[in-house]
Amino acid sequence: SFGAKFARTLLRRRLCLRARLMGAAASDNALYRDTIQRWYSGGCWGCTAACQGDLTRDEKDLVAKRLGEQVYYWSGDIWRDYLFHVANEHPLFGILFCHPLHPYTKLERFSLEWLRWVATVSWIVLFREEVRNERRGRGEATNEGWPDMVQVFLHVTVPIMLVQGFLQFIARASGRPDGYLERCCGKCLLRVFQWALIFWWYSMSVYLMYWSYVVVAVPGPWNDEGTDRRSLEASIYWSRVSLLQGYFTWFIHDAFAPVPICGCPPTFGFRAKWLKESGDSSFLSWLSSSL
C-alpha cells in the first residue's frame with residue numbers, strides 16, 4: 001500500500017542520514033583519540049608541534065571544543081582516561097601537563113594560580129590576626145589545632161576556590177571555539193570581560209597583600225612591636241595547609257559533584273560520566289556497524 005511504501009521510504013532516509021552522522025562522529029572521535037595519543041607519546045608534557053601534528057584549523061577547533069566540553073571517554077581504559085582528565089583539569093597539574101589545544105591555556109592557569117597563592121597567604125595573615133584578637137578579647141588561649149583547620153577551610157579555602165572556579169569558567173568559555181558565551185557576547189568582548197575579571201582579582205590580591213604586609217612587617221601591638229616571629233611562621237604554615245586543602249578537595253569534588261552542574265539527568269563524578277559516555281560510544285559503534 002501507499003502508506004507502507006511511504007513508511008519504508010521515510011525509514012530508509014532516516015537510516016541513511018543517521019549513517020552519515022555516525023560516520024562523521026566516528027571520524028571526529030578518531031581524530032580526538034589520535035590527538036590525545038600524540039600527547040601521551042610526547043611524554044604528557046603538553047608538547048606543541050608533536051601533539052598537534054598537521055591538523056587543519058577546523059580540526060584544531062574540533063579538538064579544542066571536545067577538550068572544552070570535558071569529554072572523558074576516549075581510550076576505553078578508565079585509568080588512562082582519568083590520567084588525561086587530571087592532567088587537564090587539576091588546578092596545579094594542569095599548569096604543566098594540559099594539552100596545548102585546551103581552551104584553558106597554560107598562561108591563564110599559571111596567572112590564576114599565582115593569584116590564588118598570593119590571595120591565600122594574604123588572607124591567612126589577616127584572618128588569623130582577626131581570630132587572635134577575638135580570642136584575646138574573650139580571654140581564650142590562642143592555641144591552634146583541628147578547629148582552626150576547619151575555620152581555615154571554611155573562611156579561606158572555600159571562598160578562594162569559588163572565586164577561582166568562576167574565573168576558570170570564564171577562561172574556558174572564552175577559549176572554546178563556537179561556545180555559548182562566545183556566540184552571545186562575541187569573542188573579543190568575552191576576552192575583555194575575562195581579563196577585566198582577572199585584573200579585578202589581581203587588584204584584590206594586591207590590596208590584601210598590602211594589609212598583610214602591614215600586619216607582619218610594621219611594628220605595632222598586633223605583632224608585639226615587630227618581635228612576634230612565631231605569628232609569621234604560623235601564617236606560612238596555614239597558607240600551605242589552605243593550598244593543600246584546595247588541591248585535595250578538587251579530587252573529592254571531581255569524584256562526586258554533578259557533571260555538568262546543570263545537566264539533566266545529572267551524572268555524579270568522573271566515573272559516572274565516563275561510564276555514560278562509554279555506553280553512548282558503544283551504542284554508536286554498534287549502530288554504525290549495523291547500518
Side-chain angles (χ1 to χ4, degrees), residues 15 17-56 58-106 109 168 172 175-179 250-291:
L15 291 176
L17 176 60
R18 186 170 297 182
R20 294 194 195 99
L21 294 176
M22 294 305 103
S27 177
D28 294 346
N29 289 335
L31 173 66
Y32 185 61
R33 287 194 300 269
D34 292 343
T35 306
I36 298 176
Q37 188 58 47
R38 292 196 193 101
W39 175 84
Y40 268 105
S41 302
C44 307
W45 283 97
C47 53
T48 54
C51 289
Q52 299 179 27
D54 54 352
L55 300 180
T56 65
D58 291 340
E59 290 173 338
K60 290 180 181 180
D61 288 345
L62 173 64
V63 175
K65 187 175 182 179
R66 288 288 185 93
L67 292 170
E69 291 173 348
Q70 296 181 311
V71 176
Y72 294 166
Y73 180 89
W74 68 273
S75 73
D77 183 349
I78 188 171
W79 291 111
R80 187 177 177 86
D81 292 353
Y82 184 66
L83 175 63
F84 181 72
H85 168 69
V86 172
N88 282 276
E89 302 302 328
H90 192 272
L92 183 61
F93 298 147
I95 297 176
L96 297 175
F97 302 115
C98 74
H99 196 280
L101 293 177
H102 201 289
Y104 184 26
T105 65
K106 284 184 172 65
R109 294 169 191 260
Q168 289 174 12
R172 292 172 187 275
R176 179 179 169 184
D178 196 31
W250 180 90
F251 288 99
I252 299 175
H253 176 271
D254 186 65
F256 299 104
V259 185
I261 296 178
C262 301
C264 184
T267 53
F268 294 91
F270 171 85
R271 185 175 182 274
K273 189 171 186 293
W274 186 90
L275 291 174
K276 181 178 182 299
E277 292 178 358
S278 173
D280 293 343
S281 178
S282 300
F283 172 74
L284 293 178
S285 299
W286 170 82
L287 184 60
S288 179
S289 60
S290 300
L291 295 176

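Throughout, residue positions are numbered sequentially from 1 according to the sequence presented. Basis for what follows: all heavy atoms, side chains included, without hydrogens, waters or symmetry-related copies. Here the structure is a predicted model, which means the values were calculated and not measured.
Separation of atoms NZ (Lys65) and CG (Asp61) is listed at 9.5 Å; rounding is to 0.5 Å.
By the side chain to side chain contact (heavy atoms under 4.5 Å, CB included) test, Arg271 is found to be paired with Ile78, Leu275, residues two or more places apart in sequence or in another chain being considered. Judged as a side chain to side chain contact (heavy atoms under 4.5 Å, CB included), and not counting sequence neighbours, the contacts of Phe256 are Ile252.
The shortest heavy-atom contact between Pro103 and Ala64 is CD-O, 3.5 Å. Residues Val71 and Lys273 come closest through the heavy atom pair CA-NZ, 4.3 Å. Residues Leu101 and Leu67 approach most closely at C-CD1, 3.8 Å, considering heavy atoms.
Glu89 and Arg172 are joined by a salt bridge, as a carboxylate oxygen and a charged side-chain nitrogen come within less than 4.0 angstrom of each other.
Using modelled atom types, one side-chain atom of Asn88 and one backbone atom of Phe84 make a donor-acceptor pair closer than 3.5 Å. Remark: side-chain polar atoms of Asp81 are not paired, donor with acceptor, to backbone N or O of Trp274 under 3.5 angstrom. The backbone N or O of Tyr104 lies less than 3.5 Å from a partner atom in the side chain of Arg109, making a donor-acceptor pair. Side-chain N or O atoms of Lys106 include one that pairs as donor or acceptor with a backbone N or O of Cys98 at under 3.5 Å.
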Legend entry - Verdict with supporting geometry, Trp250 and Val86, side-chain contact (heavy atoms from CB on, under 4.5 Å): CA-CA 10 Å; Trp250 180 90; Val86 172; 4.1 Å; yes

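Ring geometry, Tyr82 versus His85: the interplanar angle falls from 30° to 60°, so the pair is classed tilted.
Ring-centre distance between His90 and Phe251: below the 6.0 Å cut-off.
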